[in-house]
Peer 1: 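Would you mind keeping the following structure in view while I ask a few things?
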Amino acid sequence: MMLEKLNPEQRAAVTLEPQHALVLAGAGSGKTRVLTTRMAWLIQTGQASPFGLLAVTFTNKAAREMLARMSAILPIDTRGLWIGTFHGLCNRMLRAHHRDAGLPQSFQILDVTDQLAAIKRLMKANGVDDEKFPPRDVQRFINGAKEEGLRPPDVEAYDAHRRRLIEVYQLYEAQCQREGVVDFAELLLRAYELLSRNAPVREHYQRRFRHILVDEFQDTNTLQYKWLRLLAGGGAAIFAVGDDDQSIYAFRGANVGNMADFERDYAHGTVIRLEQNYRSFGHILDSANALIGHNTGRLGKNLWTDQGEGEPVRVIEQPSDGMEAQWIVDEIRSLIHEGSLRREIAVLYRSNAQSRVLEHAIFSAGIPYKVYGGLRFFERQEIKHALAYLRLMANPHDDTSWMRVVNFPTRGIGARTLEQLADAARAHDTSLYGAVALVAGKGGSNLAQFAQLIHRLIEETRDLPLPEVVEHMLETSGLNAHYKAEREGAERLENLNELITAAAVFASEENYDGMPAGVVPEQATSSTLMPGVVDAPIVASDGLTPLAGFLSHAALEAGDNQAQQGQDAVQLMTVHAAKGLEFDAVFITGLEEGLFPHENSILEASGLEEERRLMYVAITRARQRLYISLAQSRMLHGQTRYAMRSRFLDEIPEEHLKWLSPKAGLAPVSSTGAGWGGGNRGDAFGRKATNTIAPRQPRGVATGVTVGDKQYRVGQGVHHARFGDGTIIGLSGAGQDAQAEIQFRDVGAKTLALGIAKLDIVQG
DNA sequence: CTGCGTGACTTTTTT
DNA sequence: AGTCACGCAG
């Protein structure tokens with residue numbers, strides 16, 4: 001049946017006895033297929049009921065894909081399954097047991113922006129010095145603590161500064177509790193505490209879930225791991241799939257160590273390696289293997305393919321970032337000319353700042369492209385405003401939302417008034433909404449009118465279907481009018497209209513396969529499991545009003561930031577954003593020391609290793625063709641910076657690479673940390689015999705050129721601020737485009753654009 | 001309250 | 001370079 005298409009390792013993983021297991025799934029080894037087939041197999045062989053499974057992912061996209069593949073294999077109603085993101089599943093639990101968790105049923109979810117605003121407001125109200133305690137740092141501190149599972153009393157207070165942070169954390173918690181709001185980390189921590197403190201609820205879920213499946217296990221943080229362990233405490237088998245070599249989110253709390261811990265504590269010997277790669281050709285895969293081999297402490301894994309060597313990885317060094325971009329454009333053109341689909345070509349970069357030049361070049365060339373990342377739908381300013389109104393309608397005591405729109409569109413409510421309101425609210429321990437009556441008192445004040453507006457919105461939309469609620473709010477709040485009047489408001493108006501559509505889609509999906517909100521299907525009620533504990537309903541709305549359901553949907557799924565399907569465009573994105581994707585042709589750009597690996601990470605071994613994993617992820621995105629490029633000079637923060645070739649290039653064996661430009665000079669730093677000049681692999685001053693010059697590079701033999709007021713000729717001595725002394729050994733091009741190949745005494749040969757590089761001519 | 005000027009920032013980011 | 005938040009003057 002469904003096992004036929006699997007290789008032996010995949011099959012072994014899928015058909016494993018119910019026991020803890022760690023599946024080390026390399027890039028392109030069929031990880032998602034194994035995960036979904038495993039679930040289908042458990043169900044089909046009668047070893048598990050669909051309701052006895054819990055599968056958890058990090059992104060909504062991954063969860064959706066899993067559901068889609070599941071329903072393709074098994075004709076069951078996937079809607080009731082506990083398949084979702086950590087946050088989505090915790091949200092579901094908390095809604096169902098909100099009383100036990102100490103939350104109002106319609107608690108609102110703060111995204112990062114809301115959270116920061118809430119922290120700023122709180123700090124102001126309590127006179128916390130925002131110079132000594134930058135709100136962003138406070139936010140990081142609070143989230144960091146929560147992700148470790150720590151409440152304020154649990155955090156170690158080793159100095160005064162730290163003690164103050166803990167106080168702010170404490171105040172923040174009280175504020176959230178008062179307002180009935182919950183941040184992302186709180187969703188997880190609350191759910192964890194609910195399970196650990198409430199025995200009936202815990203035992204209920206422990207008995208229910210016999211199989212827990214985890215995707216991208218290398219990305220779990222400490223709290224997520226604790227949550228999983230708790231859930232599995234009743235004897236459930238954890239099936240964890242991950243790849244330690246693709247752990248690239250340590251900077252936001254992911255703990256790769258969870259994999260080793262899991263193996264030691266649970267999986268013991270049961271580690272299955274998926275090492276056959278179905279994506280890339282040999283040269284690409286071997287490059288990735290060689291590179292990642294420089295990391296220490298890996299769980300160990302070597303990808304292989306039976307697809308053959310394929311083409312070597314093409315590498316080129318260009319004089320500037322602009323020329324790098326231009327070269328990529330030319331190469332993309334010829335790929336398209338050869339019949340490649342644009343959407344099968346990806347241009348990857350380490351940091352977003354690099355996208356500008358690339359975008360500019362691709363745009364100028366008239367090639368359709370799409371940049372991933374940036375603002376997502378529910379994060380747009382106008383959408384956040386609209387959502388704030390909706391949230392106030394669901395809960396007028398949500399001060400964060402109140403502050404966001406109390407004077408937007410402007411209605412003459414200034415900072416002064418709001419300060420008084422905040423004071424009154426604090427004095428009477430109530431929300432801003434609750435304090436309105438205490439302040440101006442008179443019904444005619446702007447403030448009272450705003451409170452009245454919210455009240456009216458609630459009344460007037462009471463019996464309306466969700467999309468009409470949104471529509472009515474947009475009109476009555478004045479948002480529509482505001483953006484209509486604004487010069488650049490057309491797009492925002494469109495987005496607001498889109499919000500009505502989103503609400504309609506959300507509402508229809510609720511009704512679509514039929515389960516009215518609040519109805520608990522029989523299988524899921526399972527009061528037999530734990531008498532007295534009513535299971536979380538399986539419908540997305542979870543018994544909430546449609547509005548509250550929509551709001552939590554909006555918070556948990558910020559919408560696409562990806563290229564729309566069907567549009568054939570070249571894909572531009574950061575390496576991080578590329579994780580999980582694959583393309584026929586991939587360009588990895590900016591392979592320069594300080595950029596990739598990034599300078600902020602090279603001081604620490606762990607940082608450098610994460611950068612290397614990042615490069616590993618980048619390489620393994622490519623199916624057929626891989627290009628790696630670097631630029632000698634690059635505009636960064638307003639000034640031109642010069643960099644040397646990334647050490648990562650020297651960690652890939654020559655046999656897999658094809659240099660399209662002269663490979664010159666020493667490797668910057670040996671990967672073993674031996675220092676300058678270390679990684680030289682025997683070609684210090686030589687150039688490869690197979691040199692080919694990039695097609696578009698200005699060529700032409702010249703013995704002397706004039707650039708600006710300077711004359712250059714072969715054999716001349718020059719000095720460069722960064723590279724030191726050298727001798728011109730070749731010249732090409734003319735005028736501002738002229739390039740010189742220079743043999744530097746200390747750093748080897750480099751090709752520099754004479755119009756860009758600042759060279760001094762050394763006499764004699 | 002609004003508009004504009006100044007200064008500080010700038011790795012990666014999902015929920 | 002470019003963005004963005006904040007502070008001051010109108």
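Residue numbering restarts at 1 for every chain, and letters A, B, ... go by the order of the sequence lines. All values below were derived from every heavy atom in this structure, side-chain atoms included, with hydrogens, water molecules and symmetry-related copies excluded.
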Peer 1: Can a side chain N or O of Asn352(A) be found less than 4.0 Å away from OP1 or OP2 on dT13(B)?
Peer 2: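 So the side-chain polar atoms of Asn352(A) do come within 4.0 Å of the phosphate oxygens OP1 or OP2 of dT13(B), strictly under.
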Peer 1: If you compare every side-chain N and O of Asn91(A) against the phosphate oxygens of dT15(B) (OP1, OP2), does one of them come in below 4.0 Å?
Peer 2: no
Peer 1: Which nucleotide sits closest to the side chain of Thr574(A): dT12(B), dA1(C), dT14(B)?
Peer 2: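 Selected nucleotide (nearest to the side chain): dT12(B).
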Peer 1: If we take the C1' atom in both dA5(C) and dT12(B), what is their distance in whole Å?
Peer 2: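 Looking at atom C1' only, dA5(C) and dT12(B) are 23 Å apart.
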Peer 1: Would you say Thr410(A) reaches dT2(B)'s phosphate, i.e. side-chain N/O to OP1/OP2 under 4.0 Å?
Peer 2: yes
Peer 1: Does a side-chain N-to-carboxylate-O contact under 4.0 Å join Glu324(A) and Arg634(A)?
Peer 2: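 So Glu324(A) pairs with Arg634(A) through a salt bridge.
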Peer 1: To the side chain of His637(A), which of dT13(B), dA1(C), dC1(B) is closest?
Peer 2: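 Per side-chain heavy atoms of His637(A), the pick is dA1(C).
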Peer 1: Taking only the side-chain heavy atoms of Asn60(A) (C-beta and beyond), determine which of dG2(C), dT13(B), dT15(B) contains the nearest atom.
Peer 2: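 Comparing dG2(C), dT13(B), dT15(B) against the side chain of Asn60(A), the answer is dT15(B).
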Peer 1: Salt bridge or not for Glu179(A) and Arg121(A), using N-O below 4.0 Å?
Peer 2: yes
Peer 1: Between Leu556(A) and Ala353(A), which is nearer to the 5' end of DNA chain B once each is assigned its nearest nucleotide?
Peer 2: Ala353(A)
Peer 1: At under 4.0 Å, does any side-chain N or O of Lys124(A) touch on OP1 or OP2 of dC6(C)?
Peer 2: no
Peer 1: Evaluate side-chain hydrogen bond (donor to acceptor under 3.5 Å, both in side chains) for His97(A) paired with Tyr205(A), printing each intermediate quantity in order.
Peer 2: CA-CA 12 Å; His97(A) 308 285; Tyr205(A) 286 105; 2.7 Å; yes
Peer 1: Considering only dT12(B), dT14(B), dC1(B), which nucleotide approaches the side chain of Arg376(A) most closely?
Peer 2: dT14(B)
Peer 1: On a heavy-atom basis, which atom in Leu447(A) and which in Val406(A) lie closest, and how many Å separate them?
Peer 2: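 Smallest heavy-atom distance, with atoms named: CD1-CG2, 4.2 Å.
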Peer 1: In terms of side-chain heavy atoms of Phe251(A), which of dC6(C), dC1(B), dT12(B) is nearest?
Peer 2: dT12(B)
